[in-house]
Number of protein chains: 2
Amino acid sequence: MASDHTRSAILAAAERLYADRGFGDVTLRDIVAEANVNLAAVNYHFGSKDELIAELFVTRSIATNRERLHELKTAEEQGGGRAPIEVILRALVGPTLRGCLGPQNQRSTAARFMIRASIESVPPIRRIKNREIDHLRKFVGAMRRSLPDRSDVEIYWGLNFALAMAHHTIRESERLTKLSEGKCDLDDVEDVVARVVSVATIALTAGRMEAKAPARALARDAR
Amino acid sequence: MASDHTRSAILAAAERLYADRGFGDVTLRDIVAEANVNLAAVNYHFGSKDELIAELFVTRSIATNRERLHELKTAEEQGGGRAPIEVILRALVGPTLRGCLGPQNQRSTAARFMIRASIESVPPIRRIKNREIDHLRKFVGAMRRSLPDRSDVEIYWGLNFALAMAHHTIRESERLTKLSEGKCDLDDVEDVVARVVSVATIALTAGRMEAKAPARALARDAR
DNA sequence: GATAGTTTCATACAACTGTTTGAATTGCAA
DNA sequence: TTGCAATTCAAACAGTTGTATGAAACTATC
């Protein structure tokens, strides 16, 4: 074990390079040069390039999932086993959005890395994402408890659309900024979270609980 | 020019292999073997590997965009320059969804290729997608005309969320099927289109035109 | 049927990739 | 200090990749 200095230097360098240049453009030689370590150190400490990438992604992924579940658990405890659907959806998309968006010039390396991982889909990361289903099932359960008279199919579609809006907004944040000529402020993360949650909520509740549904989904900034 | 047989054999083989195995796994040697042509033929006919990929994607992309604009134009002409927002959104996401989803065992090579292009994001394809903004602006224009009292910001967000739901559903169709244990039927494309359009519509109109908004967004299959 | 232009072909190239090797070095315990 | 394991290092390995070359085969025109 010793100091682990080499190991963490590789992790830091790799995360930074991948964040900046993407997975396709960065070789092990780039990484070890940035980290000032020997080429063989990567295979010594991580086994392979893919395992290095996997470790980077898993670390961040676990952190996000923990935040999600913490928010969910807190909400359900406060509501005596049942949380409002808005709060559940906020727990689902909030941590991801907060982890990736925010003022561009002060985005952490981790944030930029996760955006890359969301845009480029390399095998080791895809493998990990496929294991995420069990995690999502916990949200399905909470959503069922929150909306007991909604069918499973509706729940699944609502969850799918909520994740869709969050991930797509992250992936295509640059394009949305360009398309809207800066009118869509992606630096205001809490506003983005509120928009996604609002639309997902209304999608799941429209026609059933009109009284509880937010009156205006996207109309926050209506003139 | 001659028969162009070699050229089209390469295109067909490449599309099939990329659709089946993804961009990362397929080499030029795989393609020319599948097409029964010489290795040098790719560079002779297309210049480079990236230009081959670009040509494949551009072809399908142009076809989809043409369908989209045709639906949009027809709708606006029928409505005297103004189309209902649902119809505009349907023109936006319908062709893409129809082009990619549908019964798994009878999906065309083109469909499976476009799904790949949506999942794996390789440089030549990314470059083309970035040019798509002008195309989207035409939909922004139509949406403005349809919803004259909605602010631009709302329009942009609505467009973003509509595309998000469509593309994410395509990208993650397998995962949604697995998560829902088959309860979400992604083979019923028109149902998927209706769901996406419904949610996007309600997101854009909620709180303004309650009378026109569909009463139940996701409630089609409520028990 | 010779000629010019296009297309095909086998082959080589040059560069880059992740990984392995085995020796050198380091750090720590006895 | 000695000995042993963990770590670092330079170097090479083995394979693959997209691309280039120059001759051969083909095609159509005159």
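Proteins get letters first, then strands, A, B, ... in listed order; numbering begins at 1 in each. All values below were derived from every heavy atom in this structure, side-chain atoms included, with hydrogens, water molecules and symmetry-related copies excluded. Given the structure is predicted, the values throughout are model-derived calculations rather than measurements.
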From C:dG18, D:dT8, D:dG18, pick the nucleotide closest to the side chain of A:T6?
D:dT8

Looking at B:E55 and B:R7, is there a salt bridge between them, counting it only when a charged N and a carboxylate O are closer than 4.0 Å?
yes

Is the shortest distance from a Lys or Arg side-chain nitrogen in B:E15 or B:R112 to a carboxylate oxygen in the other one below 4.0 Å?
no

Can you tell me the distance, in whole Å, between the CD1 atom of A:I53 and the P atom of C:dT17?
13 Å

Whole-Å distance, B:F23 CZ to D:dT17 P, equals 16 Å

How close or far is atom P of C:dT20 from atom CG of A:L28, stated in whole angstroms?
12 Å

Whole angstrom value for the distance that separates P of D:dT19 from CD1 of B:I31
11 Å

Whole-Å distance between C:dT7 P and B:N36 CG?
20 Å

Separation of A:H45 atom NE2 from D:dT7 atom P, in whole Å?
6 Å

Taking 4.0 angstrom as the limit, do A:R116 and A:D20 come out as a salt bridge?
no

Identify the residue among B:L186, B:V197, B:V196 that makes a side-chain contact (heavy atoms from CB on, under 4.5 Å) with B:L97.
B:V196

From CG of B:D30 over to P of D:dT17, roughly how many Å is that when rounded to an integer?
7 Å

When the distance from NZ of A:K49 to P of C:dT20 is rounded to whole Å, what number comes out?
15 Å

Would you indicate which nucleotide in D:dG18, C:dT6, D:dT7 comes nearest to any side-chain atom of B:Y44?
C:dT6

How would you list, by chain and number, every residue that makes a ring pair (Phe, Tyr, Trp, His ring centres under 6.0 Å) with A:F57, sequence neighbours excluded?
none

Of A:A41 and A:R29, the one whose closest nucleotide on DNA chain D sits nearer the 5' end is A:A41

Does B:H5 put a side-chain nitrogen or oxygen below 4.0 Å from OP1 or OP2 of C:dT7?
no

Please list, for nucleotides 20-25 of chain D, all pairs of protein and nucleotide N/O atoms separated by less than 3.5 Å.
none

Filter on salt bridge (Lys or Arg N to Asp or Glu O under 4.0 Å), then keep only pairs touching residues 29-46 of chain B, sequence neighbours left out; what's left?
B:R16-B:E34, B:R21-B:D30

Electrostatic pair A:E132:B:R175 at N-O distance under 4.0 angstrom:
yes

